[in-house]
Structures are given as C-alpha cells and as structure tokens.
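To start, the structure under review is shown below, and the notes come after it.
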Amino acid sequence: MEQDKRWIRVELDNRFEKFRPVTLYARPHKGWLAAIRGAIGMTAEQLGQRLGMSGTAILRLERRERDKTVQINTLERVAAALDCDLVYMFIPKTSLESFLDKQARLRARQHFASVTHSMLLEQQSVSESGTAHQFETYVADLKKHPKDIWM
C-alpha cells in the first residue's frame, strides 16, 4: 500500500517537474482572457456574442479573473469560446516526497522532544547514535502512514 502511494508521489513529481519554474506560466497582468482576446483582435462584444452575454459582462469577467474571483466553470466556457483549453493545476513548490519527509521529520521532532523530556525527568537517557537511529526509524514509520503526520 505504501509503495503504491510512494509510486504515485514519484509519478506526480515527475509530471510537476515539467511545469517548473511556475513563473513561466504566470497569469498576464490583464489576465488570460483579456490577453488572448486582445491578441486575436476580438472585442468584448464579439466574445460576448459567442457566449450569449453582453460586452459589458465580458469586461466584468476579465475584472473577476484579475481579482481571482471568477468561477472555474465560467473560465471553461470562455476558454471554449476562444478555442482554448483551461488548465487548472496545483504545482507543489517542492517534490511531494520532500514535503512528506519534511512533515514527517517535524512530527518526529515533536514526538522525540516530548519523549526526551520525560526520560530526562526520570533520569534516563539514550545514546546520541541510538536516538538518531530511533528518530530515522520513526520518520520512516510515519511516512508509511502519512495520514498520521497531518494532525
């Protein structure tokens, strides 16, 4: 089961890598709708006719896109009217594997801080190398059950 999830993360990471850096795909200042409409010389009224809307409604859509308040289904309709595909995607800032490892290590540090404190109160201790090994084992176990690290 964990191998399947890891394989999925690796496959997704490989796909995401093609889209980095994301700044290459940044939305133009005026928004994609206005940029494409302007580039092909289509007026707001003409696009409105294709969509059964007024030119004023198209200008409002352009503003909503710039303000990030437009709905995805509306963008899909506009994209189709402009003979475009709408791509909606989350691009992780790092690999999913790195993100998972970072979170597992955070949880492990929290757990070990608590355990270490308790052991010190009881005047018990573990060697540094033993602690490091236990820590890495605990991180590996957390990564096998990732739902436990997002609490």
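The structure displayed is predicted, hence computed values, not measured ones.
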One thing to verify: whether R105 and D101 come together as a salt bridge, which I'm taking to mean a side-chain N less than 4.0 angstrom from a carboxylate O.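 Result for this pair is yes, salt bridge flagged.
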If you look at every heavy atom in [X] and [Y], which pair is closest and at what distance?
{"X": "I149", "Y": "A104", "answer": "CD1-N, 3.8 Å"}
{"X": "A44", "Y": "I58", "answer": "O-CG1, 3.4 Å"}
{"X": "A108", "Y": "L142", "answer": "N-CD1, 3.9 Å"}
{"X": "R9", "Y": "L100", "answer": "CZ-CD2, 3.2 Å"}
{"X": "E65", "Y": "L33", "answer": "OE1-N, 2.9 Å"}

Quick one: side-chain contact (heavy atoms from CB on, under 4.5 Å) partners of [X], sequence neighbours excluded?
{"X": "D83", "value": "none"}
{"X": "D67", "value": "R63, T69"}
{"X": "I8", "value": "L12"}

Are [X] and [Y] connected in the hydrophobic side-chain network, where two residues link if heavy atoms are under 4.5 Å apart?
{"X": "L24", "Y": "I91", "answer": "yes"}
{"X": "L106", "Y": "L96", "answer": "no"}
{"X": "Y25", "Y": "F90", "answer": "no"}
{"X": "Y88", "Y": "F19", "answer": "no"}
{"X": "V22", "Y": "M89", "answer": "yes"}

Starting at [atom1] of [X], measure out to [atom2] of [Y] and round the result to the nearest 0.5 Å.
{"X": "E76", "Y": "C84", "atom1": "CD", "atom2": "SG", "result": "13.0 Å"}
{"X": "K93", "Y": "F99", "atom1": "NZ", "atom2": "CZ", "result": "10.0 Å"}
{"X": "M53", "Y": "L59", "atom1": "CE", "atom2": "CG", "result": "10.5 Å"}

From CA spacing to verdict: side-chain contact (heavy atoms from CB on, under 4.5 Å), W32, L75: CA-CA 10 Å; W32 288 111; L75 287 177; over 6 Å; no
Contact check, side chains of L61 and L47, non-hydrogen atoms, under 4.5 Å: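 Side chain of L61 against side chain of L47, heavy atoms only: no contact under 4.5 Å found.
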R6 vs P146 side-chain heavy atoms within contact, under 4.5 Å: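 Result no, sub-4.5 Å side-chain heavy-atom pair not found.
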Step-by-step side-chain contact (heavy atoms from CB on, under 4.5 Å) determination, T94 to F16: CA-CA 9 Å; T94 63; F16 293 139; over 6 Å; no
Residues two or more places apart in sequence or in another chain: which of them pass ring pair (Phe, Tyr, Trp, His ring centres under 6.0 Å) with Y138?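 H111, F112.
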Among all residues two or more places apart in sequence or in another chain, which pass the salt bridge (charged side-chain N to carboxylate O under 4.0 Å, His left out) test with R27?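 Result, salt bridge (charged side-chain N to carboxylate O under 4.0 Å, His left out) vs R27: none returned.
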Who passes salt bridge (charged side-chain N to carboxylate O under 4.0 Å, His left out) against E62, sequence neighbours left out?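 Salt bridge (charged side-chain N to carboxylate O under 4.0 Å, His left out) list for E62, sorted by chain: R37.
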Could you walk me through whether K5 and H145 pass the side-chain contact (heavy atoms from CB on, under 4.5 Å) check? CA-CA 10 Å; K5 288 181 182 179; H145 306 284; over 6 Å; no
For D85, does the CG atom sit with more than 12 other heavy atoms under 6.0 Å from it, leaving out its own atoms?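 Incorrect, the count does not exceed 12.
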R20 atom CZ, over 12 foreign heavy atoms within 6.0 Å: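 Enclosed: over 12 neighbouring heavy atoms sit under 6.0 Å from CZ of R20.
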Could you walk me through whether M42 and L82 satisfy the side-chain contact (heavy atoms from CB on, under 4.5 Å) test, starting with their C-alpha distance in whole Å, then the side-chain angles of each, then the deciding distance to 0.1 Å, before giving a yes or no? CA-CA 9 Å; M42 183 184 285; L82 292 169; 3.9 Å; yes
